[in-house]
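Order of appearance sets the numbers: ligands from 1, and atoms from 1 within every ligand.
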Amino acid sequence: MHARFSEQDEVFRKEIAGWLEEHLSGEFEPIRGRGGPGDEHALYDERHAWERKLGEHGWIGIGWPKEVGGRDLSLSQQVVFYEEYARAGGPGRVGHIGEGLLGPTVIHYGSEQQQQQILPGILSGNDVWCQGYSEPNAGSDLANVQTRAVRDGDEWVIDGQKVWTSGAAWADWCFVLCRTDPEAAKHKGLSYLLVPMRQEGVEIRPIVQMTGDSEFSEVFFNGARTGVENTVGAPGDGWKVAMGTLAFERGVSTLGQQMSFQNELEEVFEIARRNGAARDPVMRQRLADAWIGLRIQRYNALRTLSGSQGAELPPEAMITKIFWATWHRDLGKLAMDVLGQPSEIAAGEPYDLSALQRMYLFTRSDTIYAGSNEIQRNIIAERALGMPREPR
Ligand SMILES: Cc1cc2nc3c(=O)[nH]c(=O)nc-3n(C[C@H](O)[C@H](O)[C@H](O)COP(=O)(O)OP(=O)(O)OC[C@H]3O[C@@H](n4cnc5c(N)ncnc54)[C@H](O)[C@@H]3O)c2cc1C
């Protein structure tokens with residue numbers, strides 16, 4: 001495990017810190033610290049302009065191979081980037097699904113033509129992507145996807161409903177898991193299609209969440225179309241590609257979020273020092289536990305990534321999601337307990353919440369999305385520990 005940074009990494013740290021200091025100013029000053037979980041509507045256009053600025057200076061896809069336009073930076077340098085980005089109060093990234101999920105999937109499973117057509121839009125910060133997996137009857141049981149795609153000449157025609165689609169209201173494109181062979185076995189009749197969102201036949205209905213924001217939406221496909229060249233992998237290979245995307249979701253992209261957890265934790269410490277909560281012996285234990293939990297996450301992430309080979313992550317990766325999700329949900333509760341009674345009061349109407357109040361509400365979903373805690377336990381039992389499969 002390489003948990004220390006080299007001299008070269010520290011030189012890179014100065015470069016990125018300096019760049020952020022210089023550019024997160026002027027017109028971009030107001031977006032510092034905005035747009036995180038539960039705050040997705042905040043200053044969206046400004047944050048999209050920021051995404052383009054990152055792209056213009058080559059700060060998107062920094063871990064991607066040079067042949068496809070990335071910087072091919074080492075894992076430790078990617079960690080350094082996320083650390084400095086969080087330290088500088090870098091805003092929630094509008095392009096994170098494209099950069100963290102779809103881009104690596106296309107690099108790994110896509111054709112050369114798809115790489116040439118799709119990756120530049122992500123690298124420039126222009127194209128925004130969303131993930132069309134879940135449906136009303138296909139969440140944990142993802143292979144139950146019922147959205148259908150039928151070939152019509154050189155196109156797929158798509159009908160069905162997705163739900164909980166994060167960022168759909170802003171997205172240009174969606175990667176959609178569709179059933180293309182209804183006769184085939186559950187996991188085998190699926191295909192992974194890239195579908196333009198701005199077309200007749202795609203209807204987006206935002207869902208209001210308890211933060212007051214609509215980070216996710218229902219998406220209805222009524223005869224929506226996409227070219228057959230937008231199939232990633234062969235028709236029928238959708239399950240394999242979709243699982244590949246989920247592996248990327250557990251990979252480098254989780255490092256970024258740990259660094260923003262650090263900022264949230266420091267805010268909680270600051271309040272506890274100020275309002276006297278830190279003098280309470282039980283609260284002190286909880287604060288110390290939270291600090292330790294964050295260190296464990298960081299070292300496990302570094303251990304995981306240094307043991308990975310290409311897209312294949314080692315078994316340690318399987319504990320990452322349940323650990324961070326549970327830790328972050330508990331941090332939300334801790335933050336409210338440290339705040340005490342003021343945690344129950346909004347500054348104004350409606351939903352004029354503080355960052356910590358939003359965090360508390362949003363973190364209730366951490367143990368659900370990207371595989372619920374129960375599903376994570378099944379994954380660990382079956383795939384990491386080799387226990388008998390759950391009875392179906
Ligand atoms: C904030 C947020 C953002 C999301 N963004 C997206 C997105 O962008 N794109 C997308 O496609 N989806 C997205 N989702 C959906 C998410 O992936 C699903 O909510 C998740 O997979 C769970 O599915 P479900 O909601 O249908 O619950 P269900 O699968 O119906 O589960 C209900 C309960 O039963 C438990 N359960 C289910 N099966 C088992 C089992 N075999 N063993 C033990 N317990 C079980 C679950 O753990 C859960 O507690 C998002 C969800 C949230 C909350």
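Closest to atom 6 (C) of ligand 1 among all protein heavy atoms lies Trp164 O, 2.6 Å. Nearest protein neighbour of atom 37 (C) of ligand 1, counting heavy atoms only, is Ser140 OG, 3.5 Å. For atom 51 (C) of ligand 1, the closest heavy atom belonging to the protein is Tyr369 CB, 3.4 Å.
The distance criterion of under 3.5 Å between nitrogen or oxygen atoms is met by Ser372 with respect to ligand 1. Geometrically, ligand 1 and Thr165 share no nitrogen or oxygen pair separated by less than 3.5 Å. Considering backbone and side-chain atoms alike, Ser134 places an N or O below 3.5 Å from some N or O of ligand 1. No N or O atom of Gln209 sits closer than 3.5 Å to an N or O atom of ligand 1.
Counting the atoms of ligand 1 from 1 in the order shown, those under 4.0 Å from a heavy atom of Ile368 are 19 (O), 20 (C). Within ligand 1, the atoms closer than 4.0 Å to a non-hydrogen atom of Tyr133 are 11 (O), numbered from 1 in the order shown. Proximity to Ser166 (heavy-atom distance under 4.0 Å) selects the following atoms of ligand 1: 3 (C), 4 (C), 5 (N), 6 (C), 7 (C), 8 (O). Those atoms of ligand 1 that come under 4.0 Å of a heavy atom in Glu390, given as number and element, are 40 (C), 41 (N), 42 (N). The distance from ligand 1 to the heavy atoms of Asn378 drops below 4.0 Å at these ligand atoms: 40 (C), 41 (N), 42 (N). Close approach to Ile375 involves these atoms of ligand 1, each under 4.0 Å from a residue heavy atom: 38 (N), 39 (C), 40 (C), 41 (N). Of all atoms in ligand 1, numbered sequentially from 1 with element shown, those under 4.0 Å from a heavy atom of Ser365 are 1 (C), 53 (C).
Geometrically, Arg329 does not engage Trp327 in a cation-pi contact defined by less than 6.0 Å to the ring centre and at most 45° from the axis. Phe220 does not carry Lys162 over the face of its six-membered ring by the limits of under 6.0 Å from the centre and within 45° of the normal. A cation-pi geometry, defined here as NZ or CZ lying under 6.0 Å from the six-membered ring centre and within 45° of its normal, holds between Arg71 and Trp59.
The aromatic rings of His108 and Phe248 lie perpendicular to each other, with more than 60° between the two planes, well past the 30° mark. Using bins of under 30°, 30° to 60° and over 60° for the plane-to-plane angle, the ring pair Phe175/Tyr192 lands in the parallel bin.
For atom 23 (O) of ligand 1, a protein heavy-atom neighbour is present inside the 4.0 Å cut-off. Distance check for atom 32 (C) of ligand 1: every protein heavy atom is found at 4.0 Å or beyond. Under the 4.0 Å distance rule, the nearest protein heavy atom to atom 10 (C) of ligand 1 falls inside the cut-off.
Scanning Ala138, Ala370, Ala171, Gly139 for the heavy atom closest to atom 26 (O) of ligand 1 points to Gly139. Considering only non-hydrogen atoms, atom 48 (C) of ligand 1 lies nearest to Glu374 out of Glu374, Glu215, Arg364.
A donor-acceptor contact under 3.5 angstrom links the side chains of Asn126 and Ser124, judged on distance only. Between Trp156 and Thr180, the side chains place no donor N or O within less than 3.5 Å of an acceptor N or O (distance only, hydrogens not considered).
Residues passing the side-chain contact (heavy atoms from CB on, under 4.5 Å) test with Gln113, sequence neighbours excluded: Ser111, Gln117. Residues passing the ring pair (Phe, Tyr, Trp, His ring centres under 6.0 Å) test with Phe216, sequence neighbours excluded: Trp164.
At least one side-chain heavy atom of Leu246 sits less than 4.5 Å from a side-chain heavy atom of Gln131.
Considering every non-hydrogen atom in both Arg47 and Asp39, the closest pair reads NH2-O, 4.3 Å.
Checking side-chain atoms of Gln376 against main-chain N and O of Lys321 turns up no donor-acceptor pair under 3.5 Å.
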